Amino acid sequence: MGGHDLSAGGDVMDRVRRCAQDALRAHGCHPDTSVELLNVSENATFLVSDPEAGPSVLRVHRLGYHTEQEIASELAWMDALRAEAGVRTPRVLPAADGCRVVTVPERGGADPSTVRHCVRFEFLPGTEPGGDPALTNGYFAELGEITARMHRHAREWSRPAWFTRFPWDYAAAFGPEARWGRWQDGIGVGPSERQILARLDEVLEARLKAFGAGPERYGLVHADTRLANLLVHDGSVSVIDFDDSGFSWYLYDLGTSVSFFEHSPEVPALVDSWLEGYRRAGQLSAEDQAEILTFIMFRRLLLVAWIGSHRAVDIAAELGAGYTQGSCDLAESYLSRQRS
């Protein structure tokens, strides 16, 4: 997911690129190693081309989102999923001193104490599934099955004592310290939109409270299982970008799978495919299935907030007020179902 300090412009990105080069020195890379910016979302991701070691990927973290311990926790779960759950994730490449999270000072900024955390991963071949709409349902079924395997692992895994990741509960999404800002500050949220979305907010809070956060319903999740975070190569699927992973309802992962196109007419069929895949490796109760729309709307309202706080990011500018209006239409439909 997109932005913050890395969307602030060229000067910041110049400093981030220097951080990347400093981190690669800590990895003992060849002096002729080059870095090419792949994308800037919340973090900056670089393709590293080392003439001796070959390609790898370096992630330079944004400021203030995760501590070093939280990043190490993310990497520990990725390792465990690959080793124990049959979920393909990229391997971490440690630095020359064995450190998996390399912390480097950001040179040239206003605050000389600023540091950035960097992680280097193996390069996984593959492309994001997409293109042919006829194949999308199949990918959603595969995504559902992979998600079920991740959930099963999360329930059974003995996490390290130091493991720590943030929650995606109601307070984190919509409370006074909302992680991605307030939905009330979303693009195009005027008085009538605020009225509809406030009703949605109230109903979501009540339904989530009634649904509860017992261990069968709430635990460690990827929290951004969009097709954009899958890589397909020779028929095998890898899961990438665990940066938002944390503690939430397991059904939140289903809500994230349709991020930004929740209003699309294809969504019910895609959800059916996801559920079909999920049932191959996991179980959902009737009570779980009754709340699927709740979690789609939870994510949708959260993305209204995200777009409002990430206006410089391309997808936020592209979606803008239209996404808020679509959210109001979906909210009206969802709320009318609750009343009926």
Side-chain angles (χ1 to χ4, degrees), residues 1-23 26 37-46 57-78 92 95 99-121 162-186 220-224 229 240-248 252 256 259 302-317:
M1 298 294 299
H4 289 315
D5 67 300
L6 298 187
S7 60
D11 288 350
V12 173
M13 286 311 301
D14 287 344
R15 297 198 296 273
V16 167
R17 186 177 288 272
R18 285 197 292 272
C19 285
Q21 290 159 340
D22 290 348
L37 186 66
L38 287 176
N39 64 62
V40 180
S41 57
E42 298 283 9
N43 308 311
T45 306
F46 294 91
V57 172
L58 186 78
R59 184 176 71 188
V60 181
H61 282 258
R62 87 212 83 168
L63 302 175
Y65 198 61
H66 287 307
T67 64
E68 186 175 349
Q69 187 177 345
E70 287 169 340
I71 298 167
S73 300
E74 170 201 356
L75 304 181
W77 191 35
M78 290 172 66
V92 180
C99 284
R100 288 153 62 86
V101 182
V102 173
T103 302
V104 293
E106 186 186 89
R107 296 185 280 127
D111 182 354
S113 67
T114 299
V115 295
R116 286 189 186 269
H117 302 307
C118 306
V119 181
R120 187 177 169 213
F121 297 97
W162 48 265
F163 188 96
T164 179
R165 293 294 291 180
F166 51 33
W168 288 108
D169 55 10
Y170 176 85
F174 308 125
E177 303 294 322
R179 182 164 299 116
W180 285 345
R182 302 164 69 247
W183 62 257
Q184 292 89 338
D185 299 324
L220 186 57
V221 299
H222 181 284
D224 197 16
N229 287 327
I240 61 171
D241 195 0
F242 283 71
D243 189 48
D244 281 336
S245 61
F247 294 94
S248 188
Y252 178 58
T256 70
S259 295
L302 186 53
L303 290 178
V304 171
W306 182 86
I307 288 169
S309 61
H310 292 73
R311 294 176 188 232
V313 177
D314 288 348
I315 194 169

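What you see is a predicted model, and the numbers here were worked out from it, not measured in a lab.
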(Q) Angle between ring planes, Phe166 versus Trp168, binned at 30° and 60°: parallel, tilted or perpendicular? (A) perpendicular
Q | Donor-acceptor pair, side chain of Arg120 and main chain of Val92, under 3.5 angstrom | A | no
**Q.** side chain to side chain donor-acceptor pair (under 3.5 Å) involving Asp185 - partner list, sequence neighbours excluded
**A.** Arg182
**Q.** From CA spacing to verdict: side-chain contact (heavy atoms from CB on, under 4.5 Å), Trp306, Ile315
**A.** CA-CA 11 Å; Trp306 182 86; Ile315 194 169; 3.7 Å; yes
Q) SG of Cys118 to CG of Asp22: how many Å apart, nearest 0.5 Å? A) 8.5 Å
Q.
Please report the interatomic distance CZ(Phe163) to CD(Glu70), rounded to the nearest 0.5 Å.
A. 10.0 Å
Q. Is any side-chain heavy atom of Arg100 less than 4.5 Å from a side-chain heavy atom of Val119?
A. no
Q | Distance (rounded to the nearest 0.5 Å) between Ile71 CD1 and Asn43 CG | A | 8.0 Å
(Q) To the nearest 0.5 Å, what is the distance between OG1 on Thr103 and CD on Glu68? (A) 4.0 Å
**Q.** Leu37 and Met13: CA distance, side-chain angles, deciding distance, side-chain contact (heavy atoms from CB on, under 4.5 Å) verdict
**A.** CA-CA 10 Å; Leu37 186 66; Met13 286 311 301; 4.0 Å; yes
Q | Shortest non-hydrogen separation from Leu303 to Ser259 and the atoms involved | A | CD1-CB, 3.8 Å
Q | Student check: side-chain heavy atoms of Leu302 and Trp183 closer than 4.5 Å | A | no
(Q) Among residues at least two apart in sequence or on other chains, which ones pass ring-ring contact (aromatic ring centres under 6.0 Å, His included) with His117? (A) none
(Q) Any non-hydrogen side-chain atom of Arg179 less than 4.5 Å from a side-chain atom of Pro167? (A) yes
Q: Report the residue from Ile240, Asn229, Asp244 that forms a side chain to side chain contact (heavy atoms under 4.5 Å, CB included) with His222.
A: Asn229
(Q) What's the separation between atom OG1 in Thr164 and atom CZ in Phe247, rounded to the nearest 0.5 Å? (A) 7.5 Å
Q | Heavy-atom pair of closest approach, residues Ala316 and Ile307 | A | O-CG2, 3.7 Å
(Q) Before you tell me yes or no, could you show the steps for Glu42 and His310 under side-chain contact (heavy atoms from CB on, under 4.5 Å), namely the whole-Å CA-CA distance, both residues' side-chain angles and the distance that decides it to 0.1 Å? (A) CA-CA 10 Å; Glu42 298 283 9; His310 292 73; 3.2 Å; yes
**Q.** Over all atoms of both residues, closest heavy-atom pair of Val115 and Pro105
**A.** CG1-CA, 4.0 Å
Q. Minimum heavy-atom separation for Gly181 to Ala305, with atom names?
A. O-CB, 3.4 Å
Q. Ignoring hydrogens and geometry, is there a side-chain-to-backbone donor-acceptor pair from Thr256 to Ala223 under 3.5 Å?
A. no
(Q) Looking at every non-hydrogen atom in both residues, tell me the closest pair between Ser113 and Asp111 and how far apart they are. (A) OG-OD1, 2.7 Å
**Q.** Any donor-acceptor N/O pair, Arg165 side chain to Ser245 backbone, under 3.5 Å
**A.** yes
Q: Specify the closest pair of heavy atoms between Ala72 and Val101, including all atoms of both residues, with the distance to one decimal.
A: N-CG2, 4.2 Å
Q) Can you tell me how far the CZ atom of Arg59 sits from the CZ atom of Phe121, to the nearest 0.5 Å? A) 4.0 Å
